[in-house]
Amino acid sequence: MCEDNHGGLARRALFVTGAAAALTLGSVSFASAADGDQETRTVRGTLPPGSPDFVYVPVEVPAGVREIKVAYTYDRPSVPAGTTGNALDIGVFDDRGTELGGRGFRGWSGGARTEFFLRADDATPGYLPGPVREGTWHIALGPYTVAPQGLSYEITITLTYGEPGEAVEPVYPPERAKGRGRAWYRGDCHLHSWYSDGRRTPAEIGALARAAGLDFINSSEHNTHSAHAHWADVAGDDLLVMLGEEITTRNGHVVALGTDPGTFVDWRYRARDNRFGRFARQIRRAGGLVVPAHPHATCVGCNWKFGFGEADAVEVWNGPYTPDDEVTLADWDSMLVASVRGERGWIPAMGSSDAHRDPDPVGSPQTVVLADDLTRQAIQEGIRAGRSYIAESARVALSFRASGGRGEHTGIGERLTVGRDTPVTVRLEVTGAPRCTVRFVTDQGVLHTSPPLPVAGAGVVEWRTTPSYAAYVRAEVRHEAAAGPIPGPLAAFTNPIFLGR
């Protein structure tokens, strides 16, 4: 075993990769060896507070390597209350380099694993199997947070020499399931398996999705597409599996929903780098939707700072309904008001579980989409058009319509084109929401609140208005409030119906 001490990063070079500043340390070299032999190198160093977002350790890989294995540790000193401690993510890029765009990307586990391996026929979840080619590889470190004392790390790199195994051709899930023609389909588009920081296998997630009454799901691992080739056996006539990624930047997370198989979207930029538009366009070119996730979440790096100009939809409800979801709902409603002023197009809302492990429920909440069939394209069209509502579970079902004086009628995500003073009747039918209250929300705010629904959970609520009084109407179904005038948590809510010409 050989050692290389980076010390206080004396051997370093600051360079620009795409737009983001990154630190490259001195390289680690290996000599060629005989088949079956192993060589190990250990490097140590300390990252100070204020380190760049990414630190790269070059590894000179000789010819004849069958497998590369990396293990790492870092210190976690005590810090004062209110001060962030150490968190160090890890991944790897191969001989094609670290340029922004991810041409050399071979895997990322964030902080979910302490070691990984890659070879032609297999790889640790989160990483891509394939040949270990000769050239300069880079271990990518992401000092997510650094304690005031600094972050001391140790990386152990082991190369195994020999003939490579036989590469496995990836098999992807089909883009359609059996479906019911034009119908309402239920889905959960933000889920994590053991291919990033989740603890469930794809098979376990598929079983939970079926038990939750879902028709479709979307694979959305943090900063890796390595799961794409592991969903084919989960999909079936009764479950459409779409492929994507949760692009987890330092300035917010975005779900790439339903991209082409094998699509990787880079995450190594901040809002100030002015690079998000490039990758949003990449998602669309790959057939996906751009969905900012939990925009007002309070975790480090989770708060959305890229704006919504590139969004196809926004995840308003993420997992158990909490105050940050309430803030996101209010923010989204303000964007609806801007849309009726003609300042921008409107952005539909979504809801997803963001489930990682037990006891996180899959399908709570879920997005219920009116689509022409159970296919990737049809589901995406329904989401993009806002023909959807969000429910806490499959027990809750809604029918939301608006009708005018001459028999005109329309549904969620659509426009009822009538005169400004034409009487309009808004009607919501609810099942599965015992003792819940229905609220109709407009560009003026909440203009109608129903009495609690019966214990059976079913009911019909109607309200009359005009386009001059309400430019749009959306429905909220809320549980009983714990105390006072504060509204209770959501059981369901709809995208709006727009009124007027």
Side-chain angles (χ1 to χ4, degrees), residues 17-18 91-94 96-110 118 123 125-130 140 167-177 187-198 202 205 216-235 240-249 252-269 275-293 306 310-313 315 350 352 354 375-381 383-384:
T17 166
V92 69
F93 291 77
D94 66 17
R96 292 169 293 180
T98 62
E99 183 179 354
L100 193 63
R103 185 167 172 263
F105 176 79
R106 289 295 294 273
W108 182 256
S109 48
L118 299 89
Y127 294 80
L128 303 174
V168 179
E169 193 69 24
V171 178
Y172 301 113
E175 293 192 9
R176 64 172 55 243
D188 189 346
C189 294
H190 187 167
L191 294 159
H192 296 280
S193 76
W194 66 4
Y195 286 91
S196 59
D197 63 342
I205 292 173
F216 65 92
I217 57 176
N218 180 68
S219 172
S220 54
E221 309 296 355
H222 293 285
N223 301 338
T224 181
H225 59 299
S226 64
H228 286 193
H230 299 276
W231 285 101
D233 292 340
V234 177
L240 172 70
V241 178
M242 297 187 289
L243 303 176
E245 180 186 336
E246 184 177 6
I247 299 98
T248 307
T249 80
H253 303 183
V254 60
V255 172
L257 197 167
T259 52
D260 294 336
T263 298
F264 168 70
V265 184
D266 213 323
W267 78 100
R268 294 171 296 158
Y269 43 86
R275 288 296 185 272
F276 176 68
R278 164 185 168 184
F279 294 100
R281 291 188 291 273
Q282 179 196 352
I283 293 169
R284 292 196 191 91
R285 284 196 304 271
L289 301 183
V290 178
V291 184
F306 293 96
E310 296 285 356
D312 295 304
E315 188 185 74
M350 293 184 63
S352 298
D354 199 0
T375 67
R376 175 173 75 143
Q377 182 177 354
I379 293 295
Q380 289 174 319
E381 287 175 352
I383 291 171
R384 189 187 291 110

Min side-chain heavy-atom separation [X]-[Y] under 4.5 Å:
X    : Y    : value
L289 : I383 : yes
D188 : N218 : no
Y195 : S219 : no
E246 : V254 : no
F306 : T249 : yes
L128 : F264 : no
E221 : H192 : yes
I247 : Y269 : yes

Please give me the minimum heavy-atom distance between [X] and [Y], naming the atom from each residue.
X    : Y    : value
A140 : W108 : O-CZ3, 3.7 Å
T263 : H228 : O-CE1, 3.7 Å
P129 : A123 : N-CB, 3.7 Å
G101 : R268 : N-NH2, 4.1 Å
F105 : R96  : O-NH2, 4.3 Å
P202 : W194 : CD-NE1, 4.0 Å

Give, for atom [atom1] of [X] and atom [atom2] of [Y], the distance between the pair rounded to the nearest 0.5 Å.
X    : Y    : atom1 : atom2 : value
L243 : T259 : CG    : OG1   : 6.5 Å
E245 : W267 : CD    : CH2   : 8.0 Å
E175 : L240 : CD    : CG    : 8.5 Å
C189 : D354 : SG    : CG    : 12.0 Å

Please evaluate residues L100 and F279 with respect to the criterion side chain to side chain contact (heavy atoms under 4.5 Å, CB included), reporting the C-alpha separation (whole Å), side-chain torsions for both, the decisive distance (0.1 Å), and the verdict.
CA-CA 10 Å; L100 193 63; F279 294 100; 3.8 Å; yes

Surrounding CZ of R384 (heavy atoms of other residues, nucleotides or ligands, distance under 6.0 Å), is the total greater than 12?
yes

Please determine whether the number of non-hydrogen atoms from other residues, nucleotides or ligands lying under 6.0 Å from atom CZ of R284 exceeds 12.
yes

Under 3.5 Å, is there a donor-acceptor pair linking the side chains of S220 and H190?
no

Go through it in stages, so that I can follow the logic: the residues are F216 and T375, the test is side chain to side chain contact (heavy atoms under 4.5 Å, CB included), and I'd like the CA-CA distance, side-chain angles, deciding distance and then a yes or no.
CA-CA 9 Å; F216 65 92; T375 67; over 6 Å; no

Cationic N near anionic O, under 4.0 Å, R103 to D266:
no

Could you walk me through whether L257 and M242 pass side chain to side chain contact (heavy atoms under 4.5 Å, CB included), step by step?
CA-CA 7 Å; L257 197 167; M242 297 187 289; 3.5 Å; yes

Without swapping roles, check the side chain of [X] against the backbone of [Y] for a donor-acceptor pair under 3.5 Å.
X    : Y    : answer
Q380 : G258 : yes
Y127 : V92  : no
R106 : G130 : yes
D312 : V290 : yes

Apply side chain to side chain contact (heavy atoms under 4.5 Å, CB included) to residues E310 and F276 and explain how you reach the verdict.
CA-CA 9 Å; E310 296 285 356; F276 176 68; 3.8 Å; yes

